[in-house]
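A short write-up of the structure that comes next.
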Amino acid sequence: MDRIRGEFVDIVEWTDDSRDTIVWRFPRYENEIKMGARLVVRESQTAVFVNEGRIADVFTPGTYVLETRNLPLLATSKGWKYGFHSPFKAEVYFVNTRQFTDLKWGTQNPVIVRDPEFGMVRLRAFGALSVQITDAAALLRELAGTDPRFRTEEVREYLRQLVVGRLANALATANVPVLDLAGRQDALGVRLAAVVSEELAPVGVSVPTFVIENISLPAEVEAAIDTRTRIGIAGDLDQYTRFQTANAIADAARNPGGAGEGIGLGLGMAVGQRLAAGVTPQTAPQAVPANPVAAAVGPPPLPPQVQWYVAVDGRQQGPYDLTSLSGLVGGGALTGATLVWRAGMPAWLPAGQVPELTQLMAGTPPPLPPQV
């Protein structure tokens, strides 16, 4: 039936029922389009007429009459010496000129760039792009060829490699710090779209839209940025140290052992004293003393307290003052056998052999007798 229908004048048209076909060849029996065939080109289409092996014309949307050397009913009979096959081949290729927006791209391997703040960093990126055919004849010559159905999947990997190859140069020459890339993604996308379109111009393809969805850093660099963010939220290093100390107290409180409870209590008292020393309470205005000279001559400053260090589970803890050591004794973390040291002592000694500490442990009850 195809051979019988092929003896008559054709109506050459194409209605696309897919979303990924770029080029489609009109299915004519033995590619022998007859003289006077009607060509219908719709919007978002371009038709390329190949007559006797060469591109004869390119048609934009509209209706046309094709001229070939294949006469209806006579072309086959006149080709008897070719086995009743016409030597005058005529084909029509429809090229879809709409934008294809379902193309994704991404970096399989990280791109190494030099950042002014972090030094050398590895970046990964992914996004989407759209392609559009601008020169149907060039596309047919350079990419599609005689493929009866040329799809986007046949150029997807080629486009991805082209994008990734240009991405490293675009990031390196943008002179944008890594922390500011998120705010420059749109500008980088426009720049890459122009670069890739220039590369694809000889094959009749352009990239009207290039979207960078995300630029990511390695996990360890992101962790360092998170740490810097926490320090920035704390305000300064001293406040961040207090924050870390509070976390350590919470961890010690969750430790079911007595040593953990004693350490948590001692750290809590030390931090409390430190915070109390740094806070100036707002009090009511004091009355002016009757004798200004007597008020100016106040008591001398308190002598500095001795700082003690304690060995707990083979680790040095401290420094503690006597008040903090009392908390450790009450929690069971400091006993007579616990090694202690302060400035002026030649070596570590058990707390029970240090005269200054024997009074702290004098009121400590002995261990409970074993239960029967």
Q: Test D16 against S18 for side chain to side chain donor-acceptor pair (under 3.5 Å), laying out the working first.
A: CA-CA 6 Å; D16 185 14; S18 69; 3.0 Å; yes
Q) Do the charged groups of E198 and R166 touch, with an N to O distance under 4.0 Å? A) no
Q) Are V164 and L200 connected in the hydrophobic side-chain network, where two residues link if heavy atoms are under 4.5 Å apart? A) no
Q) Counting only N and O atoms by type, is there a donor-acceptor contact under 3.5 Å from the side chain of D20 to the main-chain atoms of T152? A) no
Q: For residues L334 and W308, determine if any side-chain heavy atom of one lies less than 4.5 Å from a side-chain heavy atom of the other.
A: no
Q: Taking atom CD of E43 as the centre, report whether more than 12 heavy atoms of other residues, nucleotides or ligands fall under 6.0 Å from it.
A: no
**Q.** Test item: Q353 side-chain N/O and P350 main-chain N/O as donor-acceptor pair under 3.5 Å
**A.** no
Q) Considering only heavy atoms from C-beta outward, does the side chain of L129 approach that of V131 to under 4.5 Å? A) yes
Q: Just do the side chain to side chain contact (heavy atoms under 4.5 Å, CB included) check on L39 and F26 with the steps written out, would you?
A: CA-CA 10 Å; L39 172 64; F26 181 73; over 6 Å; no
Q) Are the side chain of Q317 and the backbone N or O of V312 linked by a donor-acceptor pair below 3.5 Å? A) no
Q. Would you say the side-chain atoms of Q132 pair up with the backbone N or O of T97, donor to acceptor, closer than 3.5 Å?
A. yes
**Q.** Shortest non-hydrogen contact between V196 and L162, atoms and distance
**A.** CG1-CD2, 3.8 Å
Q. Does a side-chain heavy-atom distance below 4.5 Å link I133 with T46?
A. no
Q | Residue pair R160 / Q108, side-chain heavy-atom distance below 4.5 Å | A | yes
Q: Apply side chain to side chain contact (heavy atoms under 4.5 Å, CB included) to V113 and V121, showing your working.
A: CA-CA 6 Å; V113 299; V121 293; 3.7 Å; yes
Q) What are the two closest non-hydrogen atoms of W105 and V211, and how far apart are they? A) NE1-O, 3.4 Å
Q. So how far is it from L339 CG to L349 CG, rounded to the nearest 0.5 Å?
A. 8.0 Å
Q: For residues L139 and V95, determine if any side-chain heavy atom of one lies less than 4.5 Å from a side-chain heavy atom of the other.
A: yes
(Q) Treating R25 as the side-chain partner and V92 as the backbone partner, does any N or O pair qualify as donor plus acceptor under 3.5 Å? (A) no
Q: Report the distance from atom CZ of F150 to atom CG of L140, rounding to the nearest 0.5 Å.
A: 10.0 Å
Q | Charged N-O contact under 4.0 Å between E213 and K104 | A | yes
Q. Would you say the side-chain atoms of E222 pair up with the backbone N or O of A219, donor to acceptor, closer than 3.5 Å?
A. no
Q: First locate atom CD of Q185, then atom CG of L192, and finally report the distance between them rounded to the nearest 0.5 Å.
A: 11.5 Å
Q | Spacing of I112 atom CD1 and D115 atom CG [to the nearest 0.5 Å] | A | 13.5 Å
Q. If you look at every heavy atom in G352 and T358, which pair is closest and at what distance?
A. O-CG2, 3.6 Å
Q) Is there a side chain to side chain donor-acceptor pair (under 3.5 Å) between R38 and T63 once you walk through the steps? A) CA-CA 7 Å; R38 293 284 180 173; T63 302; over 6 Å; no
Q: Test Y320 against V310 for side chain to side chain contact (heavy atoms under 4.5 Å, CB included), laying out the working first.
A: CA-CA 8 Å; Y320 304 110; V310 180; 3.9 Å; yes
Q | Beyond-backbone contact of L159 with L103, side-chain heavy atoms, under 4.5 angstrom | A | yes
Q. Checking R156 against Y158: charged group under 6.0 Å from the ring centre and within 45 degrees of the axis?
A. no
Q. Under a 4.5 Å cut-off applied to non-hydrogen side-chain atoms, are R124 and F126 in contact?
A. no
**Q.** Side-chain (T338) to main-chain (A351) donor-acceptor, under 3.5 angstrom
**A.** no
Q. Can K89 and E52 be counted as an ion pair, charged N to O under 4.0 angstrom?
A. no
Q. For the residue pair E67 and N51, what are the closest heavy atoms and their distance?
A. O-ND2, 3.9 Å
Q: Find out if a path of hydrophobic residues (ILVMFWY) with successive side-chain heavy-atom gaps under 4.5 Å connects V205 to V195.
A: no
Q) Looking at the rings of W348 and Y309, which for Trp means the six-membered one, are their centres under 6.0 Å apart? A) no
Q) Between R149 and D17, which heavy-atom pair has the shortest distance, and what is it? A) NH2-OD1, 3.7 Å
(Q) Are there over 12 heavy-atom neighbours, none belonging to R42, within less than 6.0 Å of that residue's CZ? (A) yes
Q: Can you spot which of S44, S206, S130 makes a side chain to side chain donor-acceptor pair (under 3.5 Å) with Q99?
A: S130
Q: Quick one: do T146 and V50 satisfy side chain to side chain contact (heavy atoms under 4.5 Å, CB included)? Show the steps, please.
A: CA-CA 10 Å; T146 58; V50 179; over 6 Å; no
**Q.** Pairwise side-chain contact, N96 with T21, heavy-atom cut-off 4.5 Å (strictly under)
**A.** no
Q. From I22 CD1 over to L143 CG, what is the distance, rounded to the nearest 0.5 angstrom?
A. 8.5 Å
Q. Say you draw a straight line from CG of L181 to CD1 of I212; how long is it, rounded to the nearest 0.5 Å?
A. 8.5 Å
Q. What pair of heavy atoms forms the shortest contact from R122 to P110, and how long is it?
A. CB-CB, 3.8 Å
Q: Measure the acute angle between the ring planes of W24 and F94, then classify it against the limits of 30° and 60° as parallel, tilted or perpendicular.
A: tilted
